[in-house]
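Here's the structure we're looking at; comments come further down.
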Amino acid sequence: MTTNFDRRTILRLGAGAGALATLGVPASVLAQAAAKGQLTIAFPADVPTWDPNARSLAAVQSLYKCVFDQPLTQNPDISVRPALVTKWGYVDDKSLSLGLDFRNDVVFHDGSPMTAADFRYSFFERPRAPVPEGGRRLDTSFIWQKIKEIEVVSPTRAIVHFSEPMPSAVAWMYFLTSYVVPKAYVERVGLDGFQKNPVGSGPYRLVEYQQGARAVLEANDKYWDGKPAIGRITVELVRDPTARVAAIESRRVDCAIDVPVREAQRLATVPGLVSNIDAIADITLLQITKNGGFADDRVRLAAHHAINKEAISRALFGGAAKPISVPAAHGTAGYPEDFVFPFSEEKAVALLKELGHGPQNPIKIKFASPNGAFPNDFDAARAIVQMWKKVGIDAELETIELSTYQERLRAGTLPEATYFSWGNSAGDPELYGGYLLNPKSIFSAFKTEDLAPKIQPLLVEMDEKKRIQGYKDAHRYAAEKGYTIPLYQTVKTVVHVNTLNTTKFVNGLVLPQGWSFKA
Amino acid sequence: MSRIALQLLFRRTLLAIPILLCVSALVFGILRLLPADPIAMSLPPGATAADFEKLRQSFGLDRSIPEQYVIWLGRLVTGDLGTSIYFRRDVGDLIAKALPATLELVLLGLVLGVAIGIVGGLAMFSWRGRMGEQVLDLGTTGLMAIPEFLWAILLILAFGVALPILPFIGRLSPELVLPPPVTGFLLFDSLVTGHLRVLGSALWHMVLPAFALAIGVAPLVMRVLRSSLLDVIQEDYVTQARLRGIPEHTILVRHALKNAALPTISLIGVQGGFMFGGTVLVEMIFAYPGLGNLMVDAVRNHDLPVIQAVGLVYCVLVLGINAIVDVVYLAANPKLRVA
């Protein structure tokens, strides 16, 4: 029996359909390069809300910094730089009143001028505003709890009065959630209206936003720091790392952020692309506890000595992950550059031998690591397991979701060690050791009372030299006592077309307002 | 619509109520038994243990699970899906924005999958006993063995990178802007507002994700259709038609295909339901702003109100598809109408 649906007919139909499809491809799809003056970025995360005071999420600060301004900002080497605030300094001898002078030429995207009243609104009135039922306080209300009042002296001057010293206040003015929003606009349109059509004073205006898909930004002609060179930016929100690699490789985008390290290394060899793999101010460490096999200091010290951080960096991060001996990044104020915690299998073996353990009689511990939350996290954890095995630590590795990590951290039920990355784009030592080592902090895993007198006075120490030295000493003390196992500075990858001039920031922020296309 | 069809839909709606209650209770309970806490996930620097407890209270997470469920259900009945812990926005609003994108994608995926399945099924039947059938048979096995998300990546590499003819990021080309919203359905809105370039770009951006979803449906439709056709072709009425001199392809299309389609219709209903599950990873890979993408964000951040609500919406969609398929099946099968 035969029918008219023979192979030739079907092949002919298929070929015809293929030809039609090819002819119908829109020109924009075939275009390999972005239109001149326009930049397309494949970005790995979306903002949860366009209210920049609401959530302290490090991953999306680059997006907020496009649309909003902070009182202060940072240079590429993360040193502080004036922004909305031109001068700052304490005006009393107890360091409880911080005077701030504002620029007089800043306008919000709606054309209204930015004044000290907007600063007061963002940093004092909004955090204290009553929360509707089922709602939630802004994160600024937790961060700026020590602010007692903000006195508006004039449109260009304000004095922040603190209830107790807050030595990290200046650092916080260029850190998470610290953005100035327009009081009149927010009050006029309400929170929903503001989230839908956010207005800031930043280098770009948000002209279109599709949650989970893209944000379109247009240069702010009246930006106080000069109009950005790139007029229009489309931020494609591409969560999948493989898709981000494909996007830059096919030139659908001009720049891809946080591509896997191995892919970044491969793309470096692709003509027309520039690949950056750099250590940033964020740090990767093992969050350790006194639980189970880690009860004895010597086991934790042995575990630290046994990790060859250089080898992991070379094998998994192309040598970019800078090993650290304390929980802080090199070059930041709280890092004691004269201290090195050595990699030494001999020392590790000797310490374990004192306890009757060795490769033949290993001590058993549990070790958790996320898989895919941080660059090469699980691979690095597996490498550490092998290194520990050589000296006599038998670690049972399990994956952990970040939500589970947070819950177990809070409940004090984390295993002996957990692979984790800690963000600190400001670089202030309080935002490293002040949180990670302070036994009272909800972010510290290792709770030991002998660290409290070393850390807690520093949280109110206003003598900057004493404060910095105090953190250096506390960081070093914690490493020497086996209270922390820092690994290396976290690695950031950015791959872009070679026609793009970019600026690297040590804190890992990606700020296209300073970028341009080569002529 | 016939009276029997209306009765069927009514019965289905009644049956959906206990199913939805069971599913919602199951999802609600399991989420709360997991060792993860959405509040701990979102604690800002400066927060204390006391702040943590206050936040738990404000979201009602300090109450017993049955109590939380009853409160949630009470609000659900009034149309209140709660507030997202991560996005800090109304969950109903988040879903209303994401749902149209997913519906458009699933519809296109289903149409593509069924079309490929029917053409392939006919080809397999036509080439039965020949090399062509074996090749297609092997092909369908290969297609079924690979999950949707892997197809998504393979399609991106093939048609986005190696042969860069199709877009694979988001819904629109960067130079285009969204048309003013009318219904929230981008294809419809761009058509009625006359933004034809947007319509073209949106359709073009849907090709790869829809195809990745379609691959899950097409091979099954092909196989079931081929097998049904093999049964039907033995029927007496086909022999009678041949004796009357009706051409073979006319017999196939006008007589055999209609009867062989019944099992395929049931299969499409089942696969349509599975397709919604497939959107979760496919939407994430293609940066497609639908329910799947929303679900990924919610799961990553353990955003309980969003996970619960999206889970419930998925359940409603699957039940809806099944009801539609039942009606179509009824229309296509005269025996059922008589019964």
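Because the structure is predicted, anything quoted here is derived from the model rather than measured.
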Interatomic spacing from CG in B:Asp93 to NZ in A:Lys196 - rounded to 0.5 Å: 5.5 Å
Atom CZ of A:Phe374 with >12 non-hydrogen neighbours under 6.0 angstrom: yes
Interchain contact, A:Trp144 with chain B, by part (heavy-atom threshold 4.5 Å): neither
Nearest-0.5 Å distance, OG of residue A:Ser250 to CG of residue B:Leu166: 11.5 Å
Residue part contacting chain B, namely of A:Leu57, when any heavy atom lies under 4.5 Å: side chain
CD-NE2 distance between A:Gln406 and B:His302, expressed to the nearest 0.5 angstrom: 12.0 Å
Toward chain A, the part of B:Ile153 with a non-hydrogen atom under 4.5 Å: side chain
Which atoms of A:Arg244 approach chain B - backbone, side chain, both or neither, heavy atom under 4.5 Å: neither
Contact check, side chains of A:Val47 and B:Phe87, non-hydrogen atoms, under 4.5 Å: no
Under 4.5 Å from a heavy atom of chain B, the part of A:Leu138 involved: backbone
Residue selection (most heavy-atom pairs with chain A, distance under 4.5 Å) from B:Gly170, B:Pro174, B:Ala287, B:Ala101: B:Pro174
Best-contacting candidate, A:Thr404, A:Leu402, A:Thr234, against chain B by heavy atom pairs under 4.5 angstrom: A:Thr404
Derivation of the side chain to side chain contact (heavy atoms under 4.5 Å, CB included) call for B:Leu172 and A:Arg214: CA-CA 9 Å; B:Leu172 285 181; A:Arg214 72 176 190 178; 3.9 Å; yes
Exam field: side chain A:Arg252 to backbone B:Gly160, donor-acceptor pair closer than 3.5 Å: yes
Residue A:Val238 versus chain B: region with a heavy atom under 4.5 Å: both
Audit row: B:Asn293, A:Arg239, side chain to side chain contact (heavy atoms under 4.5 Å, CB included) steps and yes/no: CA-CA 9 Å; B:Asn293 226 338; A:Arg239 287 169 177 75; 3.3 Å; yes
Straight-line distance of B:Ile169 CD1 to A:Leu237 CG, nearest 0.5 Å: 10.5 Å
Under 3.5 Å: donor-acceptor pair, side chain of B:Arg171, backbone of A:Ala213: no
Shortest non-hydrogen contact between B:Val177 and A:Arg232, atoms and distance: CG1-NH2, 3.8 Å
Atom pair CD/CG of B:Glu283 and A:Asp240 - distance to nearest 0.5 Å: 13.0 Å
Residue among A:Ala42, A:Ala54, A:Ala411, A:Ala373 with most heavy-atom pairs under 4.5 Å to chain B: A:Ala54
Under 4.5 Å from any heavy atom of chain A - which part of B:Leu94: side chain
Heavy-atom donor-acceptor pair, A:Glu208 side chain to B:Leu178 backbone, under 3.5 Å: yes
Side-chain heavy-atom pair A:Gln211, B:Leu294 within 4.5 angstrom cut-off: yes
Residues that A:Asp139 engages under salt bridge (charged side-chain N to carboxylate O under 4.0 Å, His left out), provided they are two or more places apart: A:Arg136, B:Arg88
Most contacts with chain A, counted as non-hydrogen pairs under 4.5 angstrom, among B:Thr250, B:Val161, B:Ile85: B:Val161
Top of A:Ser441, A:Ser56, A:Ala246 for chain B proximity - count of heavy-atom pairs under 4.5 angstrom: A:Ala246
A:Phe194, CZ atom: more than 12 neighbouring heavy atoms under 6.0 Å: yes
Atom CD of B:Glu104 with >12 non-hydrogen neighbours under 6.0 angstrom: yes
Donor-acceptor contact present, side-chain B:Arg89 to main-chain A:Asp192, <3.5 Å: no
Rounded distance [0.5 Å steps], CG in A:Asp46 versus CG in B:Asp297: 7.0 Å
